[in-house]
Amino acid sequence: MADPKIRIENLYKVFGPNPERAIGLVRDGISKQDLLDEHGHVLGVRNISLDMPGQSIQVVMGLSGSGKSTLIRHINRLIEPTAGSVIVDGQNVLEMSNKELRDFRRNRASMVFQSFALMPHRTVVQNIAYGLTIQGLDDDEIKRRVARWIERIELAGYEDHYPGHLSGGMQQRVGIGRALATDADILLMDEAFSALDPLIRYDMQSVLLDLQAELKKTIMFITHDLDEALRIGDSIAILRDGEIVQQGDPQSIVLHPVDDYVADFVKDINRGKVIKVGTIMRPPTDEAEGPAVDADTLLEDVARLMANERSGWARVIEASGQVVGVVSTADVMASMVRRANNGGAAKVAQ
Amino acid sequence: MPSWLTDIPQLDRTTLVGLRRSLDQAYRSFSREFGDDIEAFFEPLLFFLVWFEKLLVNAPWWAVLIGVCLIVWALTRSWKLIAGVIVAFLLIGFFGMWEDTMRTMAIITVCTLISIVLGVPIGIVMARSNRVQMVMIPILDVMQTMPAFVYLIPVVMLLGIGKVPGVIAVVIYAIPPVIRLTNLGIRLVDKEVLEAADAFGASPWQRLVGVQVPLAMPTIMAGVNQTIMMALAMVVIAAMIGVRGLGQPVLQSITNQYFTQGLLNGLAIVALAIVFDRVSQAYGRRIQKHRRGVIHG
């Protein structure tokens with residue numbers, strides 16, 4: 001496999017008066033709470049290694065205090081790590097001079113913030129142009145590029161409004177426009193949609209997925225919302241107390257949680273929207289009839305098709321038309337509901 | 001009972017007198033040595049002051065009034081303010097205080113400009129370094145609480161009486177608010193917006209000019225406003241060391257018990273203060289366009 005676009009290696013961050021001393025304790029495995037109570041240092045992240053392939057969305061998920069916002073700020077070095085390295089396109093971000101770092105931030109990695117962090121004294125147009133102004137482009141070029149993004153993120157008519165006059169969803173559109181306008185191929189999104197209400201949030205996720213289908217950026221997306229993570233992540237890393245507890249694609253996290261912490265996270269999600277039919281199919285049999293679907297179809301869609309056709313089976317086919325597997329109604333139902341624990345089974349039996 | 005319990009320990013008289021005498025002596029020889037150089041240093045300032053004062057005094061009254069109205073319009077776009085300015089200046093002229101008012105306006109304008117040019121950068125440096133702030137705050141406290149007469153003494157010893165020492169005294173008294181509020185304004189700028197500027201690769205200068213100063217502007221303007229008010233309050237004290245203007249008739253009225261003359265000139269100072277205050281505040285509000293209008297939830 002080619003080198004990853006971004007490689008994070010053995011990253012540690014300890015906040016406090018003397019992180020160099022405290023990091024020894026962290027390496028020896030002191031708990032986050034003990035580090036705080038007994039040594040007065042706060043653990044940010046502990047021994048994080050993560051490879052991000054280019055042109056995909058890496059979601060980092062965790063509850064507040066899990067270190068996810070700290071982690072994302074290491075990639076553009078808004079936070080200096082205590083130990084470890086962050087390598088982008090083969091170059092260690094932590095060894096860059098101030099000037100190299102500024103160029104990196106101007107041209108190669110841009111960021112979207114939870115609280116939008118727009119400049120209140122600049123209009124929508126001026127905000128989107130911010131990164132380009134910093135790059136020092138001439139006015140005509142800036143105007144041309146900004147006009148394109150205004151169109152693309154549907155802010156036409158609001159060019160001369162100030163951010164304070166816009167709704168949250170619109171403000172974050174501006175935030176996204178500002179980040180995309182620089183043409184950086186890395187996009188860092190720190191809980192970008194967490195401050196929005198659910199409907200708008202869903203909307204913005206669609207905006208992001210549409211843009212991504214077209215632009216193919218390398219995106220790190222931080223969230224505390226599992227539904228959001230499963231919807232947009234090509235790959236998900238779950239963080240707890242500064243450590244990665246599990247990483248993998250959405251399906252594997254739902255199907256094989258490594259521990260109770262992750263299992264607890266995934267217990268209430270709609271599995272039909274995550275699990276793909278290819279994962280649960282059984283070998284083809286000749287007598288199976290029913291709708292043909294490809295292996296990446298979500299169970300929910302398979303179930304809908306089978307219900308429409310009143311069919312007990314569905315066939316999974318390859319692009320060539322060859323049947324590679326089949327699933328029954330019972331298979332689909334069993335996979336869509338959570339595997340019951342003993343208590344649940346007993347209740348059914350009574 | 002030992003004597004130090006009944007009487008506070010005290011230097012004996014001869015030591016105290018000797019101390020005072022040697023300090024005064026040292027300062028006097030310093031001012032003999034460098035007085036001329038320092039005066040030469042302030043030469044351009046004096047030149048500008050004299051030129052500006054002459055300009056205001058010698059220009060026909062209507063030309064000055066039109067000029068003031070144009071400036072007020074450019075800064076505030078408010079007809080109401082312009083009407084107020086015209087009434088105030090006509091009344092001042094009507095009661096025979098036009099020339100003194102022009103002199104006072106000249107010196108206040110110059111003092112305010114000097115305060116801004118020195119004060120804003122000092123405030124910015126203070127905001128960037130906690131150590132500088134730690135050093136500056138007690139100095140500012142002293143500048144604001146030390147009776148103005150006390151620091152008039154060394155200024156007069158060094159430069160004699162006249163316009164330049166007057167300006168220095170007024171600036172020392174009036175500059176603290178603009179320094180303090182520039183410092184405060186920049187420190188209060190939203191950390192998240194600053195982080196965004198960093199994330200997009202802004203250089204320290206781009207950060208300062210593009211984000212910190214514009215967002216601190218309302219607070220800085222409040223400081224400028226306070227500075228103008230304090231400069232006006234110093235007019236009478238500055239008159240004691242030979243600064244001509246509305247302060248001198250007031251001083252004269254105190255010694256001669258001319259109540260009406262004192263009151264009229266005092267009112268002229270008040271009128272100037274109101275004009276400066278309203279104009280600087282209206283300007284401060286006008287540059288904050290983004291704060292106006294509805295805020296959606």
Side-chain angles (χ1 to χ4, degrees), chain A residues 69 72-73 75-79 96 98-124 126-136 160-171 174-175 178-179 181-182 184 187-188 190 197, chain B residues 75 77 120 123-124 127-131 181-182 184-224 281-297:
Chain A
S69 288
I72 199 171
R73 280 168 175 69
I75 294 178
N76 60 356
R77 219 171 119 194
L78 286 175
I79 294 179
M96 289 181 181
N98 278 343
K99 192 181 168 311
E100 286 172 321
L101 182 61
R102 277 207 293 276
D103 283 343
F104 174 77
R105 289 171 178 173
R106 285 176 190 180
N107 301 308
R108 292 168 60 198
S110 53
M111 196 160 179
V112 182
F113 299 86
Q114 175 175 14
S115 54
F116 320 137
L118 300 174
M119 317 270 161
H121 60 297
R122 299 174 74 105
T123 62
V124 167
Q126 289 168 340
N127 264 289
I128 294 178
Y130 185 70
L132 306 176
T133 318
I134 294 292
Q135 288 177 9
D160 297 325
H161 284 56
Y162 287 96
H165 302 173
L166 301 179
S167 67
M170 302 260 270
Q171 290 191 44
V174 178
R178 175 175 69 175
T182 66
L187 196 55
L188 305 171
D190 181 22
D197 54 57
Chain B
L75 292 179
R77 302 287 146 86
V120 170
I124 289 171
R128 295 172 82 86
S129 151
N130 284 331
R131 197 166 304 168
L181 286 161
T182 301
L184 180 71
I186 287 185
R187 281 174 185 267
L188 288 181
V189 168
D190 191 348
K191 296 280 174 295
E192 284 165 349
V193 175
L194 278 181
E195 189 183 41
D198 283 339
F200 282 90
S203 64
W205 177 253
Q206 287 171 325
R207 211 170 106 113
L208 179 69
V209 176
V211 183
Q212 288 175 304
V213 170
L215 290 183
M217 215 47 183
T219 319
I220 295 176
M221 280 308 294
V224 170
Q281 278 194 28
Y283 175 66
R285 273 198 304 276
R286 204 170 72 81
I287 55 173
Q288 295 299 308
K289 255 193 297 194
H290 64 271
R291 282 172 201 268
R292 275 195 310 222
V294 266
I295 309 289
H296 296 290

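Chain identifiers are assigned alphabetically (A, B, ...) following the order of the sequence lines, protein sequences preceding nucleic acid strands; residue numbering begins at 1 within each chain.
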Next on the checklist: Counting only non-hydrogen atoms closer than 4.5 Å, does Arg73(A) touch chain B with its backbone (N, CA, C, O), its side chain (CB onward), both, or neither?
Outcome noted: side chain

Item to check | Candidate pair Ile128(A) and Val174(A), rule side chain to side chain contact (heavy atoms under 4.5 Å, CB included), full reasoning | outcome: CA-CA 6 Å; Ile128(A) 294 178; Val174(A) 178; 4.0 Å; yes

Checklist outcome for this item: For residues 110-120 of chain A, the salt bridge (Lys or Arg N to Asp or Glu O under 4.0 Å) pairs (sequence neighbours left out) are none

Item to check | Residue selection (most heavy-atom pairs with chain B, distance under 4.5 Å) from Met119(A), Arg178(A), Arg122(A) | outcome: Arg178(A)

Checklist entry - Heavy-atom count around Tyr283(B) OH within 6.0 Å, excluding the residue itself: above 12? => result no

Checklist outcome for this item: When the 4.5 angstrom heavy-atom criterion is applied to Leu101(A) and chain B, the contacting part is neither

Next on the checklist: Can you list everything that forms a salt bridge (charged side-chain N to carboxylate O under 4.0 Å, His left out) with Asp103(A)? Sequence neighbours excluded, please.
Outcome noted: Lys99(A)

Checklist entry - Looking only at heavy atoms, which of residues 194-204 of chain B get nearer than 4.5 Å to chain A? => result Glu195(B), Ala196(B), Ala197(B), Asp198(B), Ala199(B), Phe200(B), Gly201(B), Ala202(B), Ser203(B), Pro204(B)

Item to check | Side-chain donor or acceptor of Gln206(B) paired with backbone N/O of Ile134(A) under 3.5 Å | outcome: yes

Next on the checklist: With a 3.5 Å distance limit and no angle check, can you tell me whether Gln171(A) reaches the backbone of Gly168(A) through a side-chain donor-acceptor pair?
Outcome noted: no

Item to check | Close side-chain approach of Ile287(B) to Met221(B), heavy-atom, < 4.5 Å | outcome: yes

Please report, to 0.1 Å, the donor-acceptor pairs under 3.5 Å made by any side chain of residues 108-117 of chain A, with sequence neighbours excluded.
residue   : atom : partner   : partner atom : Å
Arg108(A) : NH1  : Gln91(A)  : OE1          : 3.1
Arg108(A) : NH2  : Asp89(A)  : OD2          : 3.4
Ser110(A) : OG   : Ala179(A) : O            : 2.7
Ser115(A) : OG   : Glu192(B) : OE1          : 2.8
Ser115(A) : OG   : Glu192(B) : OE2          : 3.4

Item to check | For chain B, the option from Asn107(A), Asn76(A), Asn98(A), Leu78(A) that forms the most heavy-atom pairs under 4.5 Å | outcome: Leu78(A)

